[in-house]
Protein chains: 2
Amino acid sequence: MGRVGLSTERLVRAGAELADEVGFDQVTVSALARRFDVKVASLYSHVRNSDDLRTRIALLALAELADRGDVALAGRAGKDALTALADVYRDYAREHPGRYAAAQLRLDPEAAAASAGGRHARMTRAILRGYDLAEPDQTHAVRLLGSVFHGYVSLELGGGFSHSAPDTEETWTRILDALDVLLRNWPPER
Amino acid sequence: MGRVGLSTERLVRAGAELADEVGFDQVTVSALARRFDVKVASLYSHVRNSDDLRTRIALLALAELADRGDVALAGRAGKDALTALADVYRDYAREHPGRYAAAQLRLDPEAAAASAGGRHARMTRAILRGYDLAEPDQTHAVRLLGSVFHGYVSLELGGGFSHSAPDTEETWTRILDALDVLLRNWPPER
DNA sequence: TAATTTGCCTAAATGCTTTAGGCAAATACT
DNA sequence: AGTATTTGCCTAAAGCATTTAGGCAAATTA
């Protein structure tokens, strides 16, 4: 009967933890209510609906990722920076698979604008300052890096590379080596 | 009253169409029943449950993709083959976004074994025959290609590259150019 | 201390999932 | 053809998630 002390903040945080434990698509208003030992309807004062909850978890994940990226990039350049940011994504996905899945949620334009999406784009661009790429090649490269990071991480997480030699650790470092080489020798438009 | 002529085959096919129209996660046994103008329970004779339905849609998508890949690769090698297979994935995802999302479904080991997953791996390896890569570099390269294809396609589909110049068409061809160069100059282990 | 706001509640409607059991149409057998 | 069996879709019902409306009591403010 006493008050548990709910708030949008706490719900989103707990929702993120729940996502990491049982998967983002298992994050439900009901499950969250159970976790707080509170009736379902009580959550609807703090969160508009199920969709709103998920969107907020996505925004949290994007912000956390961007924060980690900032830290990782500080004082680094070139391949050092490339590896650091790549590892941020990969490590985050492995530590927080549910949050990482949330970060992939397709956001409506309003939420997207309020998200840390811009910070992510800027971080990737910052890496490319260590390489000699003029526009529009820089944008092409930003998109390639985004594709590789996201693609590799989500395939690895989904078990796409499982139980096959060589181990994924080795592949990851070799892919980063290869990207570094590629960025230093970006082919001119033919 | 009369019989509509349901079958697992037809349900899965209709489910795939539904996925393309409203999104894979909106594919529900109920929605499918509505589409056939049949009571929900009737579907349970043809499909074990909701999960079974989704898994079957995923297997269909993987098989269709592999079929397209086979056709595209026939008679091609080197960069030609690389571009052809890459376009298969990208085009399929744009024509059938719901099926493509389904193909990303995490399958249980049994379903995975019965899936066309192996064909996909073989196709990518076939491309690499046009380049000079020995193991374990070949596996690293297979994983890189998988990451780029999947990563790019899903980011583009999710609107990750939207409303920004240059257009994604241009980026796609430049990324394939870059991959071709990279595969021809794969950096040795250092 | 009284007034107001806030936090969680009960109640109820709607919709998806799944199981159990039934009847009639289609198919196979004599 | 007539009978037996299988198959296809049905009704019924229980369980759980989502969402809204309205209420009471604790916390906050005046």
Side-chain angles (χ1 to χ4, degrees), chain A residues 1-60 98-99 101-102 105-108 110-111, chain B residues 1-60 98-99 101-102 105-108 110-111:
Chain A
M1 296 299 182
R3 301 188 170 198
V4 183
L6 301 183
S7 72
T8 304
E9 172 83 15
R10 285 193 63 193
L11 289 183
V12 173
R13 209 159 284 285
E17 283 164 26
L18 187 59
D20 288 334
E21 290 165 24
V22 303
F24 183 57
D25 37 290
Q26 301 299 317
V27 172
T28 165
V29 178
S30 299
L32 206 51
R34 266 194 296 279
R35 167 154 308 208
F36 280 99
D37 199 25
V38 140
K39 295 296 168 183
V40 180
S42 305
L43 304 200
Y44 281 83
S45 319
H46 306 278
V47 153
R48 259 201 307 286
N49 53 36
S50 199
D51 228 58
D52 182 44
L53 171 65
R54 295 152 109 77
T55 298
R56 287 175 191 275
I57 295 173
L59 294 179
L60 171 68
R99 284 156 147 103
L105 184 67
R106 214 201 185 319
L107 298 173
D108 57 281
E110 194 197 350
Chain B
M1 312 288 181
R3 303 191 171 194
V4 183
L6 301 183
S7 71
T8 304
E9 171 84 17
R10 284 192 65 194
L11 289 183
V12 172
R13 209 160 283 286
E17 284 164 26
L18 187 59
D20 288 334
E21 291 166 23
V22 303
F24 183 57
D25 38 289
Q26 301 299 316
V27 173
T28 165
V29 179
S30 299
L32 206 51
R34 268 193 297 279
R35 167 155 305 208
F36 281 99
D37 200 24
V38 140
K39 295 297 169 180
V40 181
S42 306
L43 304 200
Y44 280 83
S45 318
H46 306 278
V47 151
R48 258 202 309 285
N49 53 36
S50 200
D51 227 57
D52 182 43
L53 172 63
R54 296 152 110 77
T55 297
R56 287 175 189 275
I57 295 173
L59 294 178
L60 171 68
R99 284 158 148 99
L105 184 67
R106 203 181 184 344
L107 299 172
D108 55 282
E110 194 197 350

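These values consider heavy atoms only, across backbone and side chains, with no hydrogens, waters or symmetry-generated copies. Each chain gets a letter, A, B and so on, in the order the sequences are listed, and its residues count up from 1.
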Spacing of [X] atom [atom1] relative to [N] atom [atom2], expressed in whole Å:
X       : N      : atom1 : atom2 : result
B:Arg34 : C:dT17 : CZ    : P     : 9 Å
B:Lys39 : D:dA13 : NZ    : P     : 14 Å
B:Leu6  : D:dC10 : CG    : C1'   : 12 Å
B:His46 : D:dG8  : NE2   : C1'   : 6 Å
A:Leu53 : D:dT19 : CG    : C1'   : 14 Å
A:Leu18 : D:dA17 : CG    : P     : 12 Å
B:Leu32 : C:dT17 : CG    : P     : 10 Å
B:Asp25 : D:dA17 : CG    : P     : 18 Å

(message) Under a 3.5 Å distance rule, please check whether B:Arg99 uses its side chain to pair with a backbone N or O of B:Leu60 as donor and acceptor.
(response)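 Answer holds: no.
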(request) Please examine the side chains of B:Leu59 and B:Val12, heavy atoms only from C-beta on, and report whether any two atoms are closer than 4.5 Å. (result)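 When only atoms from C-beta onward are counted, B:Leu59 and B:Val12 do not touch, as no gap falls below 4.5 Å.
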(request) Would you indicate whether the side-chain heavy atoms of B:Asp25 and A:Asp25 approach each other to under 4.5 Å? (result)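 Of all side-chain heavy-atom pairs linking B:Asp25 with A:Asp25, none is under 4.5 Å.
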(message) Closest-nucleotide mapping onto DNA chain D: is A:Ala41 or A:Ser30 further toward the 5' terminus? I mean the 5' end.
(response)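 Result: A:Ser30.
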(message) Can you tell me how far apart CG (B:Leu32) and CD (B:Glu17) are? Round to the nearest 0.5 Å.
(response)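 One finds 10.0 Å between CG of B:Leu32 and CD of B:Glu17.
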At less than 4.0 Å, is any side-chain N or O atom of [X] found next to OP1 or OP2 of [N]? Yes or no.
X       : N      : value
A:Ser45 : C:dC8  : no
A:Ser50 : D:dT18 : yes
B:Thr28 : C:dC16 : no

(message) Counting the atoms with a prime plus P, OP1 and OP2 as sugar-phosphate, which does B:Ala31 contact under 4.0 Å by heavy atoms, base, sugar-phosphate, or nothing?
(response)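 Nothing, no heavy atom under 4.0 Å.
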(request) Tell me which nucleotide among D:dT18, C:dT17, D:dC9 gets nearest to the side chain of B:Val4. (result)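 The closest nucleotide is D:dC9.
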(request) Identify the heavy atoms of B:Ile57 and B:Val27 that sit nearest to each other, and give their distance. (result)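 The pair with the smallest heavy-atom distance is CD1-CG1, 3.9 Å.
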